Amino acid sequence: MYTQAMDIPDEPGKKLASVSTTVSDQEAAFEARIDADGRIEPQDWMPDAYRKTLVRQISQHAHSEIVGMLPEGNWISRAPSLKRKAILIAKVQDEGGHGLYLYSAAETLGTSRDQMLEGLHSGKAKYSSIFNYPTLNWADVGVIGWLVDGAAIMNQIPLCRCSYGPYSRAMIRVCKEESFHQRQGYEALLVMMQGTEAQKAMVQDAVNRLWWKCLAMFGPPDADSPHSAQGMRWGIKRISNDELRQKFIDATVPQAKVLGVTLPDPDLKWNEERQHHDYGQIDWQEFWNTVEGNGPCNKERLATRVKAHNDGQWVRDAALAYTRKQQQRAQKEAA
Amino acid sequence: MNAPVDYLLHLADNAVVLGQRNAEWCGHGPILEEDIALANVSLDHIGQARLLYQLAATRLGGDATEDKLAYFRDETQFRNYTLLELPHNGPLVGYAVSDRDYATTIVRNFLYGALMVLVWDALEKSPDADLAAIAAKSLKEARYHLHHAADWVVRFGDGTEESHKRAQAAVDHLFGYTEEFWTSSAAEDAAVAAGAGVDVRSLRAAWDAIVNETLAEATLVRPQVRGYVPEGKHGRHSEHLGYLLGEMQGLARAHPGATW
C-alpha cells in the first residue's frame, strides 16, 4: 500500500530544508550522478537535505504500510469465505513485509527503526491519510485493492527509478506485490458485481466512500505543491501530483465501466481536446483536516499502533534479555 | 481405506479455529517480524483447513462445499479441541473483544504444534492417499510452527522476570486443556479402525518428550493436571467458541447462497 504525495511535511507549516548553495567537490559529484540518472548508495556522500527528505519520505511510506494493515485487517475475522480470508491475511502480511523493507531502506540513511517508530507514535510523522477512513463493508477490502493500491502503483512505479538505490530496489519488489493486490481486489469486486443485489450495493457504497479519498492520495494540486520541484530535481519525485492523478483517473474509468459501478463524480467526462478525463473538485479542506489528525479514524489508528507497541514491550525485552544471557553463557564457556 | 468425514472435520475444525485466533494478531503484533510470522502461521492453518474441508465436501457429495462446512455449521457441530478456541488473554476471561497476551498465544501454538508434528507425521503414511498428501504438506508447516513457538517459549521462560511469569501463567492455564488430546472420540476411533487415522494416545510419550525438553530449557514447570477434561472434539465447547464463530460466520450467513 502507499503513502500520499511525498511532499507532505511532517510538521504542517514547516518548510522543507533547501539545497545548500555552496558547491563542494562532493556535492558536484552528487549533482553529476543525479544529472546522469545514476543511483546514490548509502556509503555515498549526499547533502543533508537530500538525506532528511528521503528519511521523511521512506519512513512515511513505511508507517503507511503498517497503519494500512489496520483498516483491511479489520475484515480478516469476518471474511465471507475461506479463500478470501486466506487472500486477505496474505495481503495484510505483505503490507507488513513492505513496512519491513522500507524501514530497512530508511535505516541505511542512519535513522533507526526505533527512532522512526517514535516519530509515528508521538504523532510527529505522517502516514497516508487514506487509512484514516473506516472500512465499513466487505467490499471495502476489494476497493482498497483496486483503487487504493491502484493509486499506490501509479505513485510507486516512478519510485522504482528513484535516485536513492535502496529505496528504488525496495520499490521494485513492493510494486510487484501491489500490482498483484490490485488485480486480486478487482477480481473480488467482479465476483461481487455478478452476485446478489446486496453484494452489488456493497461495492457501489465502498466506491462512493473511497473514490475522492483516492484522488486526494496523489497530494495537493501542483500549483499548491511548492516542494515538488526540489524532489523532481533530486530524482526522488519523478512525475507531478496532477499528472499522476490524471493518469490514474484515465486508467480507472474504463475499469469501472467493466465492473459496472458508477464513479461518484457528475463532472467526470472525456475531454476530446485534452485527450483526458475532466473531473470535479476535490475537497482539499477535508483532506488537510485528515492529514492534520482530525479525520474519522486518526486517533484510533494511532492509539492502536501505540498500544500494540507498548503491549509488545515485554516480548522485545524478553528476546533481548535471553540473547544477552546466551552471549554471557557463551563467553563463560569460552573463558 | 479412507478416513471418515467426521475425522477430517475434526482436523479441519482444529485448523480453522486456531487460524482464526492467530489472525487476531495481524496488525497488532509485539514487533513487525512477529506480526508477519503469526500471520504466516495463521495462513498455514487456514490453508490446511481449506484442503481438509474440500476433501470432506468431496466425500460428502451433494451440495457440500468447504465454505458450507466452515460457515454454516453451528458451535455444537464443531469438533475442534477446546484449547484452540480460547482467547489470547489467559485465565482472565475475555469474550468477543479482549486484550491479548502473547505468552498465551505462543504456549498454545507450542502445545498444539508439538502434537501436530506427530499427528501429521503419522498421517503422512495413511493409506488414505488424499489425507496423506494433506499431511505431507501440513507436516512441513507444523515443524515450522513448533520451531517458532518453542523458540519463543524458551526466550520467555529464560528471558526477563516478567516474561517468565507470563509464560508460566500461560502454561498453567493451558496445560489442562491438552488432556483432551488423549481421550477418545468416535471419529478418531473410526479412523483408526479404518486404518486411515492415527491413535493419538500412541503419540503421548513422544509429545511428553518434546514438551518436557522445551519446558526444561525454558526453566518452566510442567503443572500437575487433574479434574476437568475438555470435550471440544465431542462438540461440547467453552463459552468462547460461540463468539469466535459468531464473528467468523456472521457475514457469510447474512448472505446465504452468495458467491464471494
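Because the structure is predicted, anything quoted here is derived from the model rather than measured. Every chain is numbered from 1, with letters handed out A, B, ... down the list of sequences.
The candidate with the highest count of non-hydrogen atom pairs below 4.5 Å against chain A, out of B/Ile31, B/Asp67, B/Ile106, is B/Asp67. When each of B/Ile46, B/Asp158, B/Asp101, B/Leu251 is scored by its heavy-atom pairs under 4.5 Å with chain A, the top score falls to B/Asp158. Ranked by heavy-atom pairs under 4.5 Å with chain A, the first of B/His255, B/His164, B/Glu34 is B/His255. Chain A forms the most heavy-atom pairs under 4.5 Å with one residue out of B/Thr160, B/Leu244, B/Asp151, and that residue is B/Thr160. Between chain A and the options B/Ala103, B/Gly157, B/Gly47, heavy-atom pairs under 4.5 Å are most frequent for B/Ala103.
Contacts between A/Ile66 and chain B at a heavy-atom distance below 4.5 Å involve the side chain alone, from C-beta outward. For a residue to count as touching a neighbouring chain, one of its non-hydrogen atoms must lie under 4.5 Å from one of that chain's; by this rule A/Gln93 touches chain B with backbone and side chain alike.
Remark: A/Glu65 does not engage A/Lys91 in a salt bridge, criterion side-chain N to carboxylate O under 4.0 Å.
The structure places CH2 of A/Trp146 at 14.0 Å from CD of A/Glu187, a figure rounded to the nearest 0.5 Å. Atom OH of B/Tyr102 sits about 9.0 Å away from atom CH2 of A/Trp314, to the nearest 0.5 Å.
Remark: A/Arg78 fails to qualify as a cation-pi partner of A/Trp138 under the 6.0 Å distance and 45° angle criteria applied to the six-membered ring.
Here the two rings, on A/His63 and A/Tyr103, have centers that are under 6.0 Å apart.
In this structure, B/Leu8 and B/Arg59 have side chains that are in contact, with non-hydrogen atoms separated by less than 4.5 Å.
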